[in-house]
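Only one structure is covered here, and it is reproduced in the block below.
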There are 2 protein chains.
Amino acid sequence: MRYPPEHKARARRQLLASAGALAKRDGFAATGVDRFMAEAGATSGAFYAHFGSKAAMFEAVVEQELAQSLAMLGDDPADPAALARFVERYLSLAHVEHPEAGCCLPSLAAEIGRGPEPVRARFEAAMQALHARVAAACADPERAWPLIAQAVGAVLLARAMHSTDSRAALLGAVRRDAATPRR
Amino acid sequence: MRYPPEHKARARRQLLASAGALAKRDGFAATGVDRFMAEAGATSGAFYAHFGSKAAMFEAVVEQELAQSLAMLGDDPADPAALARFVERYLSLAHVEHPEAGCCLPSLAAEIGRGPEPVRARFEAAMQALHARVAAACADPERAWPLIAQAVGAVLLARAMHSTDSRAALLGAVRRDAATPRR
DNA sequence: GTCTATAGAGGGATAGAC
DNA sequence: GTCTATCCCTCTATAGAC
């Protein structure tokens with residue numbers, strides 16, 4: 001073997017990281033295998049040493065991105081203050097303007113919804129783990145899904161807007177509502 | 001002329017309607033010109049009699065779909081009860097399961113965000129009209145953006161889930177939160 | 001494991017007949 | 001205005017050299 005045994009695992013990890021960023025920025029279906037490999041500093045021929053098909057890579061990207069989102073919620077299992085800080089960062093202009101570095105849900109959820117059953121099953125499991133984490137940090141566990149939906153929807157819509165002012169107006173209104181206790 | 005003068009306008013309207021449905025179901029970029037035309041009962045050669053390019057059709061589809069969404073809010077300019085009914089229908093399992101017949105925001109907002117400036121400018125104008133309508137029907141106008149973001153995010157995420165139970169749990173929680181007055 | 005080269009399918013767009 | 005036929009490009013995936 002001309003490559004050390006860890007080479008493949010490392011190459012795959014780097015490939016998945018750059019592919020995740022590229023997929024979030026330009027869309028997964030809209031990005032060709034050639035571009036994914038070029039971004040990782042390789043050519044398309046090497047792709048199939050790591051994934052059986054482009055669809056298989058989508059599964060891996062989604063799994064990796066959702067695990068990362070879960071990890072970003074913090075290690076503390078149920079800290080309301082940490083959740084509040086997370087939501088503030090999530091609903092920031094910086095997050096809206098840099099999809100490649102952000103959460104995969106506003107960028108890729110529509111494509112996941114159109115994907116095959118295995119992808120949606122993995123997605124569902126990851127989302128339930130995320131939901132449990134958020135619910136544990138909420139005064140009312142029933143607030144978890146509404147909070148998640150609101151945050152994802154806000155970033156999705158802000159990204160589709162043209163002016164920074166409109167984006168900021170939307171994000172500000174949602175930030176205030178997310179921080180408002182329910183009756 | 002072998003076709004009556006209204007023929008082109010009618011053909012274009014039918015084409016836009018079927019293209020909107022197809023784009024919402026399968027994604028706009030992922031659907032080829034051939035399939036858009038086949039769905040309208042024609043062939044790809046006729047496409048360019050109506051649109052200068054595929055990108056031009058995207059603009060037209062987005063404009064048409066957003067106008068339709070606005071119209072579905074009802075003619076009554078500021079009726080809180082009509083808004084509540086609209087939100088209930090929006091957050092239904094039927095809406096989640098039939099993207100082709102539903103709102104274009106959960107389906108196409110990510111693609112709009114990746115689109116060229118003219119598309120995002122049209123989007124922004126339409127969204128501000130929609131926001132004004134919703135704000136007029138809310139007790140607190142500041143609730144308009146949060147409510148819209150929440151509804152769009154909920155449908156987007158529910159569509160990506162695999163099981164009907166999970167979809168219903170998410171939708172139910174968001175419906176309850178949307179109907180809860182803020183302090 | 002990664003490369004170059006290529007097969008085979010499908011994409012957007014145009015030309016010319018009717 | 002719509003058709004068929006076609007150009008050229010890009011896409012996914014495979015083959016064979018190293």
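Residue numbering restarts at 1 for every chain, and letters A, B, ... go by the order of the sequence lines. Because the structure is a prediction, the values reported are computed rather than measured.
Using the six-membered ring where Trp is involved, A/F58 and A/F28 have ring planes that are tilted, between 30° and 60° apart.
Residues B/T31 and B/D26 bring no donor and acceptor atom of their side chains to less than 3.5 Å of each other.
Ion pairing between a basic and an acidic side chain is recognised when a charged N comes within 4.0 Å of a carboxylate O; B/E100 and B/K24 show no such pairing. At a threshold of 4.0 Å, the pair B/D177-B/R182 counts as salt-bridged, since one of the basic side-chain nitrogens sits closer than that to a carboxylate oxygen.
Every pair tested for salt bridge (Lys or Arg N to Asp or Glu O under 4.0 Å) that includes a residue from residues 148-163 of chain A fails, sequence neighbours excluded, so the list is empty.
For the contact set between residues 46-57 of chain A and DNA chain D, defined by any heavy atom under 4.0 Å, the members are A/Y48, A/S53, A/K54. Shown for residues 11-39 of chain B: residues whose heavy atoms fall under 4.0 angstrom of DNA chain D, namely B/A11.
In this structure, B/K54 is not positioned above the aromatic face of B/F47 in the sense of NZ or CZ being under 6.0 Å from the six-membered ring centre and within 45° of the axis.
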* For A/E124 and B/S166, run side-chain hydrogen bond (donor to acceptor under 3.5 Å, both in side chains): C-alpha distance rounded to whole Å, both residues' side-chain angles, the deciding distance at 0.1 Å, then the answer. => CA-CA 8 Å; A/E124 185 171 322; B/S166 295; 2.7 Å; yes
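Close to D/dT2, at under 4.0 Å from its OP1 or OP2, lies no side-chain N or O of B/T43.
Comparing D/dG1, D/dC3, C/dC3 by their closest approach to the side chain of B/H7 singles out D/dG1.
What separates CD of B/E6 from P of D/dG1 is a distance of 12 Å, to the nearest Å.
Aromatic ring centroids of B/F36 and B/F51 lie 6.0 Å or more apart.
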